[in-house]
Protein chains: 2
Amino acid sequence: MKLSLIFVEVLSAAEENYLKAILKLELEHKVSVPTGALAHAFGIQAPSVTDMVKKLALKKLLKYEKSKGVRLTDKGKKLAIAIIRKHRIWETFLVQTLEFGWEEVHELAEQLEHVHSEKLIDKLEAFLGFPRFDPHGDPIPDKKGTIVSAKAIVLGAAKVGGNYKVIGISDDSTELLHYLNKLHVKLGTKLLLQSREAFDGSLVIKIGSRGTESISAIVANSLLVVED
Amino acid sequence: MKLSLIFVEVLSAAEENYLKAILKLELEHKVSVPTGALAHAFGIQAPSVTDMVKKLALKKLLKYEKSKGVRLTDKGKKLAIAIIRKHRIWETFLVQTLEFGWEEVHELAEQLEHVHSEKLIDKLEAFLGFPRFDPHGDPIPDKKGTIVSAKAIVLGAAKVGGNYKVIGISDDSTELLHYLNKLHVKLGTKLLLQSREAFDGSLVIKIGSRGTESISAIVANSLLVVED
DNA sequence: CCATTTTTTTAGGCGTGTCTAATTTTTTTA
DNA sequence: TAAAAAAATTAGACACGCCTAAAAAAATGG
Ligand SMILES: [Mn+2]
Ligand SMILES: [Mn+2]
Ligand SMILES: [Mn+2]
Ligand SMILES: [Mn+2]
């Protein structure tokens with residue numbers, strides 16, 4: 001009798017973080033990702049990235065052309081999406097079940113996403129009722145890796161006088177989320193864009209039934225909204 | 001103004017596993033733990049242990065006397081208990097909330113116990129309703145590190161003719177727990193000890209309202225019971 | 001109590017994932 | 001298009017957590 005050996009290639013947390021970061025940069029810039037962009041994303045030095053991408057290339061998780069950057073292979077992309085799925089399911093669990101604030105969960109999910117158990121994630125997902133979006137409005141990939149793409153625009157690109165609804169935050173930083181808490185902006189909040197300052201792109205907005213506030217272009221560009 | 005820098009010493013998973021293993025061996029043998037015992041516990045070579053205990057000694061987590069073994073300091077013991085607390089709370093969550101089998105959760109908890117977040121564990125504990133025992137009957141230390149000590153005996157040392165109730169399993173191995181599932185033995189199951197074979201210490205027991213079964217001394221010694 | 005066995009330590013090495021310094025390649029721009 | 005600037009790579013190093021081989025220390029036992 002012939003036993004078929006199953007190779008379960010287990011990636012380290014570092015390797016998984018690279019795959020996630022590369023996918024994110026690919027989606028943002030739709031081109032191959034320069035090693036320098038990864039160094040910047042992780043706050044590490046460029047040679048460290050060169051070493052790692054060589055290793056990931058050997059594992060067929062990405063294609064690396066010297067001095068030209070990297071692109072995920074199908075295998076690498078599939079794994080990257082699986083990790084994002086884990087991250088977002090954990091974030092949803094932390095906010096929905098354990099009542100963490102949305103600004104607290106990203107760092108924790110960075111750890112939890114590296115726990116190796118497909119079954120755990122599937123059970124969590126079922127326990128949560130198969131949520132489609134995480135606490136920041138980001139879509140949760142399904143088990144097959146399908147991601148619903150939000151047709152949102154960033155508030156920074158919205159038109160003055162328009163009414164919008166916040167459906168996502170394109171930046172998980174604790175600081176931004178804390179600031180949004182202060183402004184009483186959360187998922188579902190209605191915004192009226194009253195004016196845009198040409199000089200710096202800052203906006204004056206009316207937040208729900210509250211007063212008006214001025215927000216910087218940086219904040220405006222991380223608020224994902226739909227017309228309302 | 002003088003700021004007091006707070007050093008949050010973050011231990012690696014390996015370091016945490018050493019602390020846990022040392023505490024377990026200390027409790028079992030009530031003496032200092034030889035490096036060889038740790039090598040055996042982890043299935044690694046003795047020189048690896050020597051290296052690690054030197055490092056843990058530098059961090060004041062244990063006392064190491066060359067060729068004489070190690071003992072946890074108060075600091076080390078406190079950390080070890082905190083890790084056991086995490087392990088058992090995660091196991092309880094997995095069984096109670098996500099409906100894993102009790103035989104599936106140990107390995108997963110081995111990963112989850114190394115997620116660094118006091119707040120996460122406290123929230124999980126509250127969500128679970130402050131459980132006092134994990135799915136294998138092991139006591140869950142409270143936030144202060146207090147562990148209720150079970151006054152159980154092992155079935156192997158029980159007296160023939162006695163009625164007992166299973167309150168714990170002193171071995172988390174998947175294989176044993178699977179075997180107990182097959183025997184329909186779980187926490188709370190009533191047992192009647194019918195006879196003991198002098199030759200090998202094996203027992204014949206009546207399991208609840210089911211038939212009688214013969215179990216080996218090895219199994220008998222991992223069943224924690226109280227008189228019933 | 002000395003010789004043999006067992007346990008532990010020392011010495012040196014390796015893969016991972018990071019670093020700095022120096023060099024090479026690519027891009028920009030004068 | 002050639003020089004300068006920017007980006008990337010190579011070279012060499014280091015902490016971590018493990019290894020094997022050899023030496024030393026402790027325990028055993030005749
Ligand atoms: Mn991560
Ligand atoms: Mn998120
Ligand atoms: Mn366990
Ligand atoms: Mn347990």
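Numbers restart at 1 for each chain; the letters A, B, ... are given by sequence-line order, proteins then strands. Keep in mind that this is a model prediction, so the values were computed, not measured.
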Rounded to whole Å, the CE-C1' distance (M52(A) to dT16(C)) equals 8 Å

query = Donor-acceptor pair, K86(A) side chain versus I121(A) backbone, under 3.5 Å?
reply = no

E15(B) CD to dC18(D) P, in whole Å, measures 10 Å

Any side-chain N or O of Y64(A) under 4.0 Å from OP1/OP2 of dA8(D)? no

As its Watson-Crick or G-U partner within any shown strand, both distances under 3.5 Å, dT27(C) has dA4(D)

Residue pair K66(A)/S12(A) against DNA chain C: nearer the 5' end by closest nucleotide is S12(A)

Here the residues of residues 32-48 of chain B within 4.0 Å heavy-atom distance, strictly under, of DNA chain C are P34(B), T35(B), G36(B), A46(B), P47(B)

On a plain distance test, is the side chain of D51(B) in donor-acceptor contact with the base of dC16(D) below 3.5 Å?
-> no

ask   = Ion pair present between E104(A) and K119(B), side-chain N to carboxylate O less than 4.0 angstrom?
value = yes

Is the phosphate of dT18(C) approached by Y18(A) (side-chain N or O, under 4.0 Å from OP1 or OP2)?
yes

Quiz item: Do K20(B) and E113(B) meet the salt-bridge criterion of a basic N to acidic O distance under 4.0 Å?
Solution: yes

*asked:* Check this for me: does any side-chain nitrogen of one of E118(B) and K143(B) sit under 4.0 Å from a carboxylate oxygen of the other?
replied: yes

Exercise. Give the ring-plane orientation class for F42(B) versus Y18(B), where under 30° counts as parallel, over 60° as perpendicular and anything between as tilted.
Key: tilted

Salt bridge present between E9(B) and K75(B) (N-O < 4.0 angstrom): yes

Winner on side-chain proximity to S67(A), out of dT10(C), dT26(C), dC18(D), is dT26(C)

Separation of dA26(D) atom P from E65(B) atom CD, nearest Å, is 11 Å

Quiz item: Taking only N and O in the side chain of K54(A), is any of them less than 4.0 Å away from OP1 or OP2 of dT10(D)?
Solution: yes

Q) Can a side chain N or O of T50(B) be found less than 4.0 Å away from OP1 or OP2 on dT9(C)? A) yes

Result for side chain to side chain contact (heavy atoms under 4.5 Å, CB included) between L56(A) and one of D51(A), L62(A), V70(A) points to L62(A)

